[in-house]
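Please read all numbers here as calculations on a predicted model, not as lab measurements. Note that the numbering runs from 1 along the sequence shown for the chain. Every heavy atom of this structure was used, including side-chain atoms; hydrogens, water molecules and symmetry mates were not.
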Amino acid sequence: MAALGGVRGVTRALVAAPNPGAWRSLCTSAVAQAASRSQGEDVRVEGAFPVTMLPGDGVGPELMHAVKEVFKAASVPVEFQEHHLSEVQNMASEEKLEQVLSSMKENKVAIIGKIHTPMEYKGELASYDMRLRRKLDLFANVVHVKSLPGYKTRHNNLDLVIIREQTEGEYSSLEHESARGVIECLKIVTRTKSQRIAKFAFDYATKKGRGKVTAVHKANIMKLGDGLFLQCCEEVAELYPKIKFETMIIDNCCMQLVQNPYQFDVLVMPNLYGNIIDNLAAGLVGGAGVVPGESYSAEYAVFEMGARHPFAQAVGRNIANPTAMLLSASNMLRHLNLEHHSNTIADAVKKVIKVGKVRTRDMGGYSTTTDFIKSVIGHLHPYGG
């Protein structure tokens with residue numbers, strides 16, 4: 001009972017969420033800030049936008065190298081301030097976490113790789129990745145699943161968006177052993193955060209000219225938890241009469257995505273379901289290597305891969321696909337209002353894929369990561385401009 005009381009205390013602290021405030025526009029202009037860093041790798045660039053870079057684990061550092069090479073070739077006015085945080089490479093500590101948080105809070109924009117979470121329990125339930133997202137209140141994860149012209153998959157011409165609440169739910173890190181051999185995991189669902197992610201989804205649909213939002217849930221079984229999430233979505237939907245609103249149970253949603261994904265436009269869902277659906281949907285258009293993602297709070301924007309995988313088996317083999325990270329970097333530039341640079345890089349990546357001569361192994365080819373980067377750079381200025 002003492003253990004349970006302790007967990008309840010933590011639960012109360014977790015759900016006492018601060019006032020979320022107004023969600024900033026996805027197109028908010030970031031202002032370049034003068035930053036003083038002791039990082040030896042940082043290069044001061046006059047007038048450049050400071051961006052925090054967190055390479056992460058697995059092929060993350062190789063993918064970030066691709067971003068830096070392409071940015072350099074495209075003369076992108078961005079200054080990366082690189083930090084390293086890894087639980088598997090013994091580069092994780094409270095001090096390093098605070099350094100990363102300080103950089104991200106100052107710059108407001110970051111690009112990150114996958115910070116791998118070991119399965120072994122070492123006294124701390126919340127991973128550094130989860131703690132980072134919570135401390136920055138990165139409540140909305142957005143994954144735009146879109147087919148790439150020239151690369152055929154089981155379903156072509158797909159265009160759907162998955163929006164996931166990622167600060168509570170099953171990932172609340174509240175677990176305890178109530179009796180020998182009995183583990184209790186607490187799933188936290190709050191009205192405040194459910195309303196916030198629902199409003200984000202409808203605002204996103206409105207801003208992007210999309211016509212339908214589908215709330216994904218399991219309220220038939222989790223009548224109170226998912227029931228509250230569903231109720232909040234229904235309440236918010238009434239404020240957006242021009243957006244069609246539907247609901248769907250998570251298991252049916254998985255089947256429908258495989259059978260007929262064209263019926264979906266924007267999907268909004270709690271944490272665990274979103275994690276699963278992100279990966280399922282990424283598989284529909286080519287896998288983790290081709291789908292970009294991003295996470296937002298009221299103040300910060302973090303750009304990453306849509307399906308988060310370290311791809312550890314590819315480390316050092318020069319075979320990782322940089323498409324998702326480059327497209328995510330392009331989205332970051334659009335967020336910074338660097339529209340021309342954003343379009344230039346995204347167009348170059350898509351041209352490489354459409355031509356089809358340079359493809360990494362996950363796309364059925366034999367090209368290396370280096371081959372892909374060189375080809376993208378070659379398509380940045382096809383007419384020598």
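Both Val109 and Leu327 are assigned to one and the same hydrophobic cluster, defined by single-linkage of ILVMFWY side chains at heavy-atom distances under 4.5 Å. The hydrophobic cluster containing Val258 also contains Val216, counting ILVMFWY residues as joined when their side-chain heavy atoms lie under 4.5 angstrom apart, directly or transitively. Placement of Phe202 and Leu239 within a single hydrophobic cluster is found when ILVMFWY residues are connected by side-chain heavy-atom separations under 4.5 Å, directly or transitively. Cluster annotation: Ile277 and Leu230 are assigned to distinct hydrophobic clusters (Ile/Leu/Val/Met/Phe/Trp/Tyr, side-chain heavy-atom contacts under 4.5 Å, transitive). Hydrophobic clustering keeps Ile319 apart from Leu63 (ILVMFWY residues linked when any side-chain heavy atoms are closer than 4.5 Å, directly or through intermediates).
Within the 4.5 Å cutoff, side-chain heavy atoms of Val143 are placed close to those of Val145. Side-chain contact between Asn343 and Arg334: present, with at least one pair of heavy atoms (C-beta onward) separated by less than 4.5 Å. Proximity of Ile112 to Met53: side-chain heavy atoms (C-beta onward) are nowhere separated by under 4.5 Å. Contact check for Asn141 versus Asn271: no side-chain heavy atoms found under the 4.5 Å cut-off. Between Lys350 and Ile353 the shortest side-chain heavy-atom distance does not fall below 4.5 Å. The shortest side-chain heavy-atom distance between Leu54 and Leu85 falls under the 4.5 Å cut-off. Considering only heavy atoms from C-beta on, Leu333 stays 4.5 Å or farther from Thr344 through its side chain. In this structure, Val290 and Leu148 have side chains that are in contact, with non-hydrogen atoms separated by less than 4.5 Å.
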(message) Would Phe71 and Phe80 count as a ring pair (Phe, Tyr, Trp, His ring centres under 6.0 Å) here? Give the steps.
(response) CA-CA 10 Å; Phe71 273 35; Phe80 288 118; 5.5 Å; yes
(message) Applying side-chain contact (heavy atoms from CB on, under 4.5 Å) to Leu336 and Val78, what does each step give before you reach the verdict?
(response) CA-CA 10 Å; Leu336 292 169; Val78 161; 4.2 Å; yes
(request) Please test Glu235 against Gln195 for side-chain contact (heavy atoms from CB on, under 4.5 Å), starting from the C-alpha separation and ending with a verdict. (result) CA-CA 8 Å; Glu235 291 170 355; Gln195 287 178 332; 3.6 Å; yes
(request) Begin from the C-alpha positions of Val51 and Asn107 and carry the test side-chain contact (heavy atoms from CB on, under 4.5 Å) through to its verdict. (result) CA-CA 6 Å; Val51 171; Asn107 296 333; 5.8 Å; no
(message) ring pair (Phe, Tyr, Trp, His ring centres under 6.0 Å), that's the test. Do Tyr273 and His217 meet it? Break it down for me.
(response) CA-CA 8 Å; Tyr273 311 156; His217 64 93; 8.5 Å; no
(message) If you apply the rule side chain to side chain donor-acceptor pair (under 3.5 Å), what do you find for Thr206 with Asp203, and how did you get there?
(response) CA-CA 5 Å; Thr206 302; Asp203 282 347; 5.2 Å; no
(request) Start with the C-alpha gap between Leu326 and Phe372, add the side-chain angles, then the distance that decides, and say whether side-chain contact (heavy atoms from CB on, under 4.5 Å) holds. (result) CA-CA 11 Å; Leu326 288 172; Phe372 195 95; 4.3 Å; yes
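A distance-only check finds a donor-acceptor pair linking the side chain of Ser172 to the backbone of Gly169 [under 3.5 Å]. No side-chain donor-acceptor contact under 3.5 Å links Glu168 to the backbone of Lys193. No side-chain donor-acceptor contact under 3.5 Å links Ser375 to the backbone of Val358. Listed for the Lys223 side chain is a donor-acceptor partner under 3.5 Å among the backbone atoms of Asn220. Under a 3.5 Å cut-off, the side chain of Asn318 and the backbone N or O of Thr370 do form a donor-acceptor pair.
Nearest heavy atom pair, residue Gln81 against residue Pro50, reads NE2-CB, 3.6 Å. Glu177 and Arg180 make their closest contact through OE2-CA, 3.5 Å (heavy atoms, listed as atom of the first residue, atom of the second, distance).
Side-chain atoms of Asn331 and Ser328 form no donor-acceptor pair, as typed in the model, at a separation below 3.5 Å. With hydrogens and angles left out, the side-chain atoms of Ser330 and Ser342 include a donor and acceptor closer than 3.5 Å. Between the side chains of Gln166 and Ser295, at least one donor N or O lies within less than 3.5 Å of an accepting N or O. No side-chain N or O of His83 forms a donor-acceptor pair with one of Gln99 less than 3.5 Å apart. Arg134 and Ser173 are linked by a side-chain donor-acceptor pair at a separation below 3.5 angstrom, with hydrogens and angles left out of the test. Counted by atom type alone, Ser194 and Glu165 present zero donor-acceptor pairs between their side chains at under 3.5 Å. With 3.5 Å as the limit, one finds a donor-acceptor pair spanning the side chains of Asn275 and Tyr171. Counting only N and O atoms by type, the side chains of His144 and Asp159 include a donor and acceptor under 3.5 Å apart.
Within 6.0 Å of CD1 in Ile183 there are more than 12 heavy atoms belonging to other residues, nucleotides or ligands. The 12-atom threshold is not exceeded at NZ of Lys374, counting heavy atoms of other residues, nucleotides or ligands nearer than 6.0 Å. Heavy atoms from other residues, nucleotides or ligands lying under 6.0 Å from OH of Tyr366 number 12 at most.
Pairs passing the side-chain hydrogen bond (donor to acceptor under 3.5 Å, both in side chains) check and including a residue from residues 145-154, sequence neighbours excluded, do not occur. Within the structure, every pair that satisfies the salt bridge (Lys or Arg N to Asp or Glu O under 4.0 Å) test and touches residues 259-270, not counting sequence neighbours, is listed here: Arg210-Asp265.
Between the CG atom in Leu160 and the OG1 atom in Thr214 there is a gap of 10.0 Å [rounded to 0.5 Å]. Summarising the geometry, atom CG belonging to Leu338 is positioned 9.5 Å from atom CD1 belonging to Ile345; distances are rounded to the nearest 0.5 Å.
Here Lys96 does not pair with Glu98 in a salt bridge; the nearest charged N to carboxylate O distance is not below 4.0 Å. Under 4.0 Å is where a charged nitrogen must lie from a carboxylate oxygen, and between Glu299 and Lys135 no such pair does.
Geometrically, Lys207 does not engage Tyr204 in a cation-pi contact defined by less than 6.0 Å to the ring centre and at most 45° from the axis.
A ring pair (Phe, Tyr, Trp, His ring centres under 6.0 Å) with His335 is found for exactly one of Phe303, Phe49, Tyr300, namely Phe303. In summary, of the residues considered (Thr190, Leu136, Asp137), a side chain to side chain contact (heavy atoms under 4.5 Å, CB included) with Thr167 occurs for Asp137 alone.
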List the atom pairs, donor and acceptor, that lie under 3.5 Å between side-chain atoms in residues 247-254 and the rest of the protein, sequence neighbours left out.
unit_1, atom_1, unit_2, atom_2, d
Asp251, OD1, Lys218, NZ, 3.3
Asp251, OD2, Lys218, NZ, 3.1
Asn252, OD1, Gln256, NE2, 3.3

